[in-house]
Enquirer: 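My structure is below; once you've seen it, I'll send some questions.
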There are 2 protein chains.
Amino acid sequence: MTRTPLADVACSIARATDLFGDAWTALIMRDVLTGVTRFDDLAHDLGISRKVLAARLSRLVEEGVLVRERYQERPPREHYRATPKGEELYPVLLALMEWGDRWYAGPAGPPARIRHLGCGRDTTPVAACAHCGEPLTVGNTTQLPGPGGHTGPGTRVLGPLLAAREG
Amino acid sequence: MTRTPLADVACSIARATDLFGDAWTALIMRDVLTGVTRFDDLAHDLGISRKVLAARLSRLVEEGVLVRERYQERPPREHYRATPKGEELYPVLLALMEWGDRWYAGPAGPPARIRHLGCGRDTTPVAACAHCGEPLTVGNTTQLPGPGGHTGPGTRVLGPLLAAREG
DNA sequence: CCCTTAAGTTCCCTCAGGGAACTCGGGTAG
DNA sequence: CTACCCGAGTTCCCTGAGGGAACTTAAGGG
């Protein structure tokens, strides 16, 4: 496929997508974050080709999202665990899950619930403003160039073009 | 590639990933939500092959995420706009962008800022509990089977296995 | 009448993904 | 001591999706 390299574009979505934008990475992270950490378990659970799984895992380790660590000495066995960088992908998974729940849940309802241990209730994740806590939507936000934005093609990061939207 | 069909698995992440889990869809949605809605503009802005762009757009229209609509009569011209279902992908984009900002921004800082018009401040999106507003993390949430979860392989949706995590 | 623009299509080629078999280090059962 | 399981990958071949660039169609415009 010769994936177009997106990581060098001045767009954080493109940078994140360069790693996260394939069919398997999100599901691997879901599994690892929920306790499925061993190679064979991942291969079985996901139904992914072992070749591709090995490639994804080593990429994720390279990127510092997972670490490969020994979980037993004799015989030596390794598994994969999320780093802090990996755990911070959790909001992305929550957002994907919430969207899937809203638009693809069958009549029975969504296939899983998230319980927030802080307040003890089953919850839905909301993308909220860090300052005032209100939900962020396309309509109530605007994008502005940031300090790290070099102008030129590909500069937009959820671009500064929102003003151009009609309605 | 014969993409493994994920949409039928009882996992909302898998369902969302089936559509969203490719290198281009996130970036197309970013562009459309920020006002880049025409075929040629998208092709130029993204550097995507026109063939693949056409395929992605028609898939997104099929899925009800975008609509193809006429924006001028003479000569007849069509462009793409997000439906409500498409606009609700915004939190996913925000989460991806926030993660990219945190882990890939250069010394200069992130390439863009999000301003919340509600409170007037530049903000960062947080995945918050809909009930109490606290941030949701891997550590303070647990996953339970939901009403729509048929048991069996692939049942997990950010699975019920979190309890199995050590530490 | 020819040129330009927008929005796709078509063609060929390469390489990433699927699938299944094979490897390798290290037990454990007989 | 040999034979048979792991777990964790690696290797091989085949298919088909993505890249790239040219071609098409429809409608103005000079």
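Per chain, numbering begins at 1; letters A, B, ... match sequence-line order. Keep in mind that what you see is a predicted model, and the values were worked out from it rather than measured.
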Enquirer: Could a donor-acceptor pair under 3.5 angstrom be found where the side chain of A/Arg50 meets the base of D/dA8?
Expert: yes
Enquirer: For a quick test of reading the model: is some side-chain N or O of A/Trp24 closer than 4.0 Å to OP1 or OP2 of C/dG18?
Expert: yes
Enquirer: Nearest whole Å is fine: how far is D/dA27 C1' from B/Asp40 CG?
Expert: 15 Å
Enquirer: Roughly how many Å is it from CD1 in A/Ile48 to P in C/dG17, rounded to a whole number?
Expert: 9 Å
Enquirer: Nearest whole angstrom, please: distance from the C1' of D/dA26 to the CD of B/Gln72.
Expert: 12 Å
Enquirer: Taking the minimum atom-to-atom distance to the side chain of A/Tyr80, which one of D/dG19, D/dG9, C/dG18 wins?
Expert: D/dG9
Enquirer: Look at B/Arg56 and D/dG18 and indicate whether a side-chain polar atom (N or O) is within less than 4.0 Å of OP1 or OP2.
Expert: yes
Enquirer: Look at the side chain of A/Ala54 and decide which nucleotide, out of C/dG27, D/dG9, D/dC6, has an atom nearest to it.
Expert: D/dG9
Enquirer: Nearest to the side chain of B/Pro76 - D/dA8, D/dA27, C/dG17?
Expert: D/dA27
Enquirer: Check the phosphate of D/dG9 against A/Arg68, side-chain N and O only, distance under 4.0 Å to OP1 or OP2. Yes or no?
Expert: yes
Enquirer: Any donor-acceptor pair under 3.5 Å between the side chain of A/Lys51 and the base of C/dG18?
Expert: yes
Enquirer: Would you find a donor on one side and an acceptor on the other, under 3.5 Å apart, between the side chain of B/Thr142 and the backbone of A/Arg115?
Expert: no
Enquirer: Taking B/Val36 as the starting point, is it possible to reach B/Leu60 by hopping between hydrophobic residues whose side chains are less than 4.5 Å apart?
Expert: yes
Enquirer: To the nearest angstrom, how far is B/Glu78 atom CD from C/dG8 atom P?
Expert: 7 Å
Enquirer: Whole-Å distance between D/dG9 C1' and A/Leu53 CG?
Expert: 9 Å
Enquirer: Mind checking the CG-CE spacing from A/Leu89 to A/Met29? Nearest 0.5 Å is all I need.
Expert: 5.0 Å
Enquirer: Let me know, please, whether A/Ser49 or A/Pro75 comes out on the 5' side of the other along DNA chain C by nearest nucleotide.
Expert: A/Ser49
Enquirer: Let me know the distance between CZ of B/Arg59 and P of D/dG18, rounded to the nearest Å.
Expert: 11 Å
Enquirer: In whole Å, I'd like the distance from the CZ atom of A/Arg70 to the P atom of D/dA8.
Expert: 11 Å
Enquirer: Examine B/Trp99 together with A/Phe20 and report whether their ring centres are nearer than 6.0 Å.
Expert: no
Enquirer: Determine whether a donor-acceptor pair (one donor, one acceptor, N or O, separation below 3.5 Å) exists between the side chain of A/Arg38 and the base of D/dA8.
Expert: no
Enquirer: Do the side-chain N and O atoms of B/Thr37 and B/Tyr71 include a donor-acceptor pair separated by under 3.5 angstrom?
Expert: no
Enquirer: Whole angstrom is fine here: how far is it from CD1 in A/Ile28 over to P in D/dG9?
Expert: 12 Å
